[in-house]
Enquirer: 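Right, I'll just put the structure down here and ask away after.
Start at 1 and go down the list; that is how both ligands and their atoms are numbered.
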Amino acid sequence: MAQEKNFAWLDDAVFYEIYPQSFYDTNADGIGDFQGIIEKLDYIRSLGCNALWLNPCFASPFGDAGYDVSDYYTAAPRYGTNADLKRLFEAVHEKGMHILLDLVPGHTSWEHPWFKASMRAEKNEYTDRYIWTSSAWEAPEGMECLRGISERDGACALNFFAHQPALNYGFYKPDKPWQQAMDDPGPKATREEIKNIMRFWLGMGCDGFRVDMAGSLVKNDPEQKGTIALWQDMRAFLDREFPSAVLVSEWGQPDRSIAGGFHMDFLLHFGPSRYTDLFRSETPYFAGNGDISAFIEKYLESAARAGGKGLICIPSGNHDMPRLAHFIHGGKQKIAFAFLLSMPGAPFIYYGDEIGMRFVEGLASVEGGYRRTGARSPMQWDSTTNAGFSAAPTDKLYISLDPKPDRPTVQAQLADPDSLFHEVQKLIAIRKENPALGNRGQIEFVYAEKSAYPLAYLRTAQGQKVLVVLNPSEKAVSFPCAYTPKKTIYAFGGEAKAENGTLEVPPETAFFFEV
Ligand code: NOJ
Ligand code: CA
């Protein structure tokens with residue numbers, strides 16, 4: 001008997017992304033584990049986060065850090081067993097938190113038994129699980145492919161790295177004999193198997209999934225109509241069997257993903273959102289000399305198209321991009337978090353960003369990370385050996401630690417009332433206390449001029465109005481403001497002056513005013 005739908009927890013969810021390899025190692029093998037996450041839940045809770053997203057933690061040869069799954073139904077032994085993962089779900093729920101796993105439906109590892117069967121010349125259950133052309137001499141147009149490695153005569157389409165063959169969900173408009181339609185038996189079987197995988201983990205107690213490359217499942221689908229329809233079918237299955245299951249997409253186009261039944265979508269370092277203008281361009285806005293106007297234009301466009309349904313989520317970072325602290329320094333990091341934690345949508349904090357962990361330059365690539373490896377270094381807990389991440393010999397750590405002697409640690413930041421940790425903690429608490437700042441409150445940009453500072457916007461919900469004014473620049477700035485601050489809910493870096501319809505704010509400051 002299916003439960004009632006209940007997504008109320010999303011209204012005040014603040015997520016924490018955990019890259020499990022690098023979070024906390026409890027058995028001294030140099031790599032993080034499920035037990036490590038269980039032991040650090042109180043830390044995450046103390047920051048104010050009440051939900052987790054865990055990067056893939058399934059059996060894998062780890063050619064792409066686990067985004068190359070070889071068995072969707074088994075936890076990777078290096079993190080623990082399925083029973084340990086279930087214990088993590090239970091521990092999360094006991095603390096009133098929620099947890100999303102990472103679902104990778106677009107491709108498997110080439111070591112997956114399905115792929116091995118699919119490479120065989122004789123027809124079998126997995127012949128159509130992947131996208132194969134009808135001859136090894138014919139490459140699939142517009143896609144990279146694998147050929148010359150199978151007994152089967154064909155080229156197999158790839159989704160990402162060479163070891164990640166694309167699963168077959170069909171083509172929106174097939175125009176070659178080997179291209180199957182979305183409702184052909186092969187693509188339908190793939191889809192049903194993904195439902196089984198969701199059934200398995202939801203049945204064990206996870207609350208939903210972050211879905212990898214969610215927008216690219218159906219091929220030859222330029223407007224993603226086929227992929228949207230596919231996700232609507234997945235959602236209908238969830239509504240029948242796990243109505244409270246939550247889905248967040250790596251898609252980057254909320255108008256499309258939300259139409260597909262996702263509750264949330266990310267703005268990302270790729271796609272049309274101009275997310276990189278905030279923290280990661282040549283001149284990021286929050287570094288104090290940038291331009292936020294294109295971001296806002298795109299943001300308003302997606303918000304309007306998403307029609308108030310679903311949450312548009314702006315992450316502090318993730319395991320695929322250089323860390324926020326690589327570009328944004330000092331007090332400006334606090335202003336960046338004042339932005340992240342006062343925008344609508346569910347905030348996502350990438351582990352370690354709350355203490356300003358740095359992007360580690362010059363690391364050798366680990367597990368297909370390449371440059372991304374620098375954003376995946378072990379969490380810095382304290383000043384003991386290996387920053388308290390692991391009791392393994394230092395040369396056995398999964399990725400090397402930030403070698404700088406002044407690397408930030410949780411321990412040092414907890415002891416410092418002015419630390420970034422405490423600012424983030426305070427901002428989350430303020431977000432939770434003020435309905436206007438919540439995940440579903442309205443937003444209206446009051447001042448977001450081209451290449452200008454400050455950025456000002458009004459958040460509204462339940463009769464409360466909060467004016468947010470952010471000035472990451474190094475100059476005092478003012479803007480015409482029709483709202484009169486009645487009460488200061490949050491101030492960082494100085495005092496604002498309101499006079500004759502103008503609001504003036506000092507350099508490197510952030511304010512939330514009730515108006
Ligand atoms: C996006 C994931 O975030 C990234 O880490 C991965 O390499 C690709 N998708 C391929 O799965
Ligand atoms: Ca371990």
Side-chain angles (χ1 to χ4, degrees), residues 15 17-40 53-58 60-70 72 75-81 84-85 88 100-110 112 143-144 157-167 194 209-217 248-252 257 265-271 275 313 315 317-323 348 350-351 365-376 378-379 381 386 388-393 396-399:
F15 282 86
E17 178 191 345
I18 295 180
Y19 186 74
Q21 290 91 319
S22 295
F23 198 54
Y24 186 49
D25 172 23
T26 56
N27 63 347
D29 62 354
I31 191 151
D33 40 57
F34 296 137
Q35 181 58 27
I37 301 172
I38 294 177
E39 290 180 24
K40 295 296 185 183
W53 153 30
L54 221 61
N55 290 112
C57 54
F58 313 108
S60 166
F62 291 99
D64 183 15
Y67 283 96
D68 49 329
V69 178
S70 57
Y72 287 95
R78 68 192 200 176
Y79 304 128
T81 61
D84 295 328
L85 183 51
L88 171 61
L100 306 183
L101 296 183
D102 209 317
L103 180 71
V104 190
H107 48 268
T108 66
S109 160
W110 61 7
H112 198 295
M143 286 182 269
E144 309 259 339
L158 289 171
N159 232 28
F160 200 68
F161 287 145
H163 52 74
Q164 290 162 311
L167 284 164
I194 296 297
F209 303 94
R210 173 268 189 189
V211 181
D212 190 65
M213 295 175 69
S216 64
L217 299 188
V248 55
S249 49
E250 187 202 29
W251 193 317
S257 47
D265 192 11
F266 290 113
L267 301 187
L268 293 160
H269 54 298
F270 58 84
Y275 167 76
C313 302
N318 69 28
H319 59 290
D320 290 333
M321 52 179 121
R323 282 191 182 267
F348 276 73
Y350 183 50
Y351 83 96
S365 175
V366 174
E367 296 188 341
Y370 301 100
R371 186 159 165 75
R372 302 177 296 180
T373 307
R376 301 174 174 185
M379 181 71 175
W381 294 103
N386 300 328
F389 160 66
S390 166
K396 293 280 178 302
L397 299 187
Y398 167 75
I399 293 177

Enquirer: Could you list the atoms of ligand 1 found under 4.0 angstrom from a heavy atom of R372?
Expert: 4 (C), 5 (O), 6 (C), 7 (O)
Enquirer: Just which atoms of ligand 1 are under 4.0 Å from any heavy atom in D320?
Expert: 1 (C), 2 (C), 3 (O), 4 (C), 5 (O)
Enquirer: Please list the nearest protein heavy atom to atom 9 (N) of ligand 1 with its residue and the distance rounded to 0.1 Å.
Expert: D212 OD1, 2.8 Å
Enquirer: Under 4.0 Å from a heavy atom of H319: give me the atoms of ligand 1 that qualify, with their elements.
Expert: 2 (C), 3 (O), 4 (C), 5 (O)
Enquirer: Distance under 4.0 Å to a non-hydrogen atom of H107: what atoms of ligand 1 satisfy this?
Expert: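 It comes down to these atoms of ligand 1: 10 (C), 11 (O).
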Enquirer: If you apply the rule ring-ring contact (aromatic ring centres under 6.0 Å, His included), what do you find for W110 with F161, and how did you get there?
Expert: CA-CA 10 Å; W110 61 7; F161 287 145; over 10 Å; no
Enquirer: Would you mind checking if R78 and E367 are paired as a salt bridge, meaning a charged N to carboxylate O distance below 4.0 Å?
Expert: yes
Enquirer: Verify the neighbour count for atom CD of E144: are there more than 12 heavy atoms of other residues, nucleotides or ligands below 6.0 Å?
Expert: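 Result for CD/E144: open.
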Enquirer: Name the orientation class of the two ring planes belonging to H319 and Y67 (parallel below 30°, tilted from 30 to 60°, perpendicular beyond 60°).
Expert: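 H319 and Y67: parallel rings.
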Enquirer: Any idea which atoms of ligand 1 are less than 4.0 Å away from a heavy-atom of E250?
Expert: 1 (C), 3 (O), 9 (N)
Enquirer: In terms of atom number and element, which parts of ligand 1 are under 4.0 angstrom from non-hydrogen atoms of R376?
Expert: 5 (O)
Enquirer: Please work out whether the ring planes of F58 and Y72 are parallel, tilted or perpendicular, with thresholds of 30° and 60°.
Expert: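 Tilted.
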Enquirer: Under 3.5 Å, is there a donor-acceptor pair between the E17 and N318 side chains?
Expert: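 Side chains of E17 and N318: no pair found under 3.5 Å.
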Enquirer: Using the Ca ion (ligand 2) as the vertex, how large is the angle between OD1 of D29 and OD2 of D33, rounded to 10 degrees?
Expert: 160°
Enquirer: Verify whether one side chain among Q35 and Y79 offers a donor that lies under 3.5 Å from an acceptor in the other.
Expert: no
Enquirer: Specify whether Y19 and Y351 have parallel, tilted or perpendicular ring planes, treating 30° as the upper limit for parallel and 60° as the lower limit for perpendicular.
Expert: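 Because their plane-to-plane angle is under 30°, the rings of Y19 and Y351 count as parallel.
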Enquirer: Against heavy atoms of M213, which atoms of ligand 1 measure under 4.0 Å?
Expert: 9 (N), 10 (C)
Enquirer: Using distance alone, determine whether D64 and ligand 1 share an N or O pair under 3.5 Å.
Expert: yes
Enquirer: With a cut-off of 3.0 Å, does G32 put an N/O/S atom close enough to the Ca ion (ligand 2)?
Expert: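 Looking at G32, which is the residue asked about, there is no N, O or S atom under 3.0 Å from the Ca ion (ligand 2).
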Enquirer: Applying a heavy-atom cut-off of 4.0 Å, say which part of M321 lies close to ligand 1: side chain, backbone, both or neither.
Expert: neither
Enquirer: Suppose you place the vertex at the Ca ion (ligand 2); what is the angle out to D25 OD1 and I31 O, to 10°?
Expert: 80°
Enquirer: Does one side chain, of D25 or S390, offer a donor that lies under 3.5 Å from an acceptor on the other?
Expert: yes
Enquirer: Is any N, O or S atom of Q35 under 3.0 Å away from the Ca ion (ligand 2)?
Expert: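 So Q35 does not count as coordinating the Ca ion (ligand 2).
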Enquirer: Between CG of N386 and CG of L397, what distance do you get to the nearest 0.5 Å?
Expert: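 Going from the CG atom of N386 to the CG atom of L397 covers 4.5 Å.
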Enquirer: Quick one: does ligand 1 sit under 4.0 Å from the side chain of E367, the backbone, both or neither, non-hydrogen atoms only?
Expert: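 Neither part.
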